[in-house]
Amino acid sequence: MNTGIVQKWNKYCVNKNFIGLGSTRKVYRFGDYVFKVNVHGIGYQQSLREYQIYEYMRSRSIGFEQILAAVYFVNEEVCIQQYYNELPMYDNQTFDINEKEGYCNFPKQYKECLEILDKEFDSFDLKDSSNYGLNDKNELVLIDYGMSKKIYNQEWVPAVERGEIPQIEIHVCVKCEIKTEIRMYGENDTDKRCIKCGKE
């Protein structure tokens, strides 16, 4: 990887390169790289786990690393990863990955890889389409795989309940009037605008 990308990563994290926003990380793209910038401490935990998981899986068996987006660099601010086209939403919503749907190809060792992630890394949400991209063979690649069940239950859920980080809910955006995923901060949040209409 180009060391200049690592040294000057923040210059690529500008509005024109913005591609997505999760509950704990904001994502930008420049060429073949994505920059996941932490907006909450849980984001750093996710990024660090992605790096550890990728290195473990890469050393374990040829093939597993092709199912996971490569992680090149992690610190407390950012995770730099290989870019893959995201799976498109259906009806402006994410969906559960299902091998019977036929919208993409499933790589070899896919099931085995997910079993290892589940059993050895306590990985969470491995079927959510928002956590996947597609390679040039139209095969699934996990691009977001750092959340664990323990972090989710013990840290993420309480942070959501306190209104510190958003939960993704389906609503009609009050501005563009499209039914889509909206970031909601706790029970008292009444701002039902989508990301495209300005709510982060």
Side-chain angles (χ1 to χ4, degrees), residues 5-6 9-51 53-54 67-97 103-104 123-136 138-147 151-152 156 159-160 164-173 175-176 178-185 189 191-200:
I5 295 284
V6 173
W9 64 266
N10 52 353
K11 85 172 189 177
Y12 304 108
C13 299
V14 293
N15 286 339
K16 69 176 182 178
N17 294 335
F18 171 75
I19 60 170
L21 183 63
S23 60
T24 63
R25 298 182 289 185
K26 192 169 185 177
V27 186
Y28 301 85
R29 176 197 176 186
F30 180 77
D32 292 331
Y33 303 106
V34 292
F35 304 84
K36 297 180 178 180
V37 180
N38 300 325
V39 295
H40 191 279
I42 293 174
Y44 174 55
Q45 293 185 64
Q46 290 175 263
S47 294
L48 192 58
R49 277 176 48 86
E50 283 173 352
Y51 177 77
I53 289 169
Y54 179 74
I67 301 170
L68 307 173
V71 180
Y72 302 114
F73 176 81
V74 173
N75 68 14
E76 292 184 359
E77 296 177 288
V78 68
C79 172
I80 303 176
Q81 199 175 54
Q82 176 73 35
Y83 172 77
Y84 290 95
N85 289 318
E86 290 184 79
L87 278 177
M89 289 198 224
Y90 284 165
D91 195 23
N92 292 302
Q93 300 173 37
T94 56
F95 55 93
D96 287 337
I97 295 293
Y103 45 79
C104 62
S123 294
F124 176 77
D125 225 9
L126 296 175
K127 292 289 187 176
D128 190 322
S129 64
S130 68
N131 294 331
Y132 285 87
L134 293 171
N135 64 19
D136 55 5
N138 203 44
E139 293 176 336
L140 287 174
V141 178
L142 263 169
I143 59 174
D144 188 346
Y145 49 92
M147 182 64 78
I151 293 172
Y152 177 80
W156 192 88
V160 166
E164 292 177 9
I165 58 176
Q167 187 165 17
I168 307 302
E169 298 179 5
I170 306 299
H171 294 287
V172 174
C173 173
K175 191 168 182 181
C176 67
I178 295 174
K179 186 176 183 181
T180 188
E181 297 180 344
I182 294 178
R183 297 159 61 83
M184 300 299 294
Y185 293 83
D189 186 359
D191 183 2
K192 294 183 179 178
R193 291 176 300 140
C194 66
I195 292 174
K196 290 181 180 178
C197 291
K199 183 176 182 182
E200 292 192 3

Which distance, rounded to the nearest 0.5 Å, do you find between the [atom1] of [X] and the [atom2] of [Y]?
X    : Y    : atom1 : atom2 : value
Y132 : I97  : OH    : CD1   : 5.5 Å
E181 : S130 : CD    : OG    : 7.0 Å
W156 : I165 : CH2   : CD1   : 5.5 Å
L21  : K36  : CG    : NZ    : 13.0 Å
C176 : R193 : SG    : CZ    : 11.0 Å
F124 : R49  : CZ    : CZ    : 12.0 Å

Hey, are the side chains of [X] and [Y] touching, using non-hydrogen atoms and a 4.5 Å cut-off?
X    : Y    : result
E77  : V37  : no
L68  : V141 : no
C194 : I178 : no
Q46  : D144 : yes

Any side-chain donor near an acceptor of the partner, S23 and Q167, under 3.5 Å: no
Side-chain donor-acceptor contact under 3.5 Å, Y185 with R183: yes
Those residues that, when tested against K192, pass side-chain contact (heavy atoms from CB on, under 4.5 Å) (two or more places apart): H171, V174, I182, M184
Salt bridge (Lys or Arg N to Asp or Glu O under 4.0 Å) assessment of R25 paired with E50: CA-CA 13 Å; R25 298 182 289 185; E50 283 173 352; 3.0 Å; yes
Step-by-step salt bridge (Lys or Arg N to Asp or Glu O under 4.0 Å) determination, K175 to D191: CA-CA 10 Å; K175 191 168 182 181; D191 183 2; over 6 Å; no
Looking at every non-hydrogen atom in both residues, tell me the closest pair between [X] and [Y] and how far apart they are.
X    : Y    : result
M147 : Y152 : SD-N, 3.7 Å
I53  : S123 : CD1-OG, 4.3 Å
H40  : A159 : NE2-CB, 4.4 Å
P166 : V160 : O-CG2, 4.0 Å

Within 6.0 Å of CG in N75, more than 12 heavy atoms from elsewhere: yes
Qualifying residues under ring-ring contact (aromatic ring centres under 6.0 Å, His included), relative to [X], sequence neighbours excluded:
X   : answer
Y84 : none
Y54 : none
Y12 : F30, F35
Y44 : none

N38 and V78: CA distance, side-chain angles, deciding distance, side chain to side chain contact (heavy atoms under 4.5 Å, CB included) verdict: CA-CA 6 Å; N38 300 325; V78 68; over 6 Å; no
Option from I143, D128, L134 for which side chain to side chain contact (heavy atoms under 4.5 Å, CB included) with L87 holds: L134
Intermediate values then yes/no, side chain to side chain contact (heavy atoms under 4.5 Å, CB included), I67 and L140: CA-CA 7 Å; I67 301 170; L140 287 174; over 6 Å; no
Residues that Q82 engages under side chain to side chain donor-acceptor pair (under 3.5 Å), provided they are two or more places apart: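 Testing Q82 for side chain to side chain donor-acceptor pair (under 3.5 Å), a comparison that skips the adjacent residues, returns Y72.
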Main-chain N/O of N138 paired with N135 side-chain donor or acceptor, under 3.5 Å: yes
Stepwise side chain to side chain contact (heavy atoms under 4.5 Å, CB included) test for I195 and F18: CA-CA 11 Å; I195 292 174; F18 171 75; 4.2 Å; yes
Residue pair L126, N131: steps toward the side chain to side chain contact (heavy atoms under 4.5 Å, CB included) verdict: CA-CA 7 Å; L126 296 175; N131 294 331; over 6 Å; no
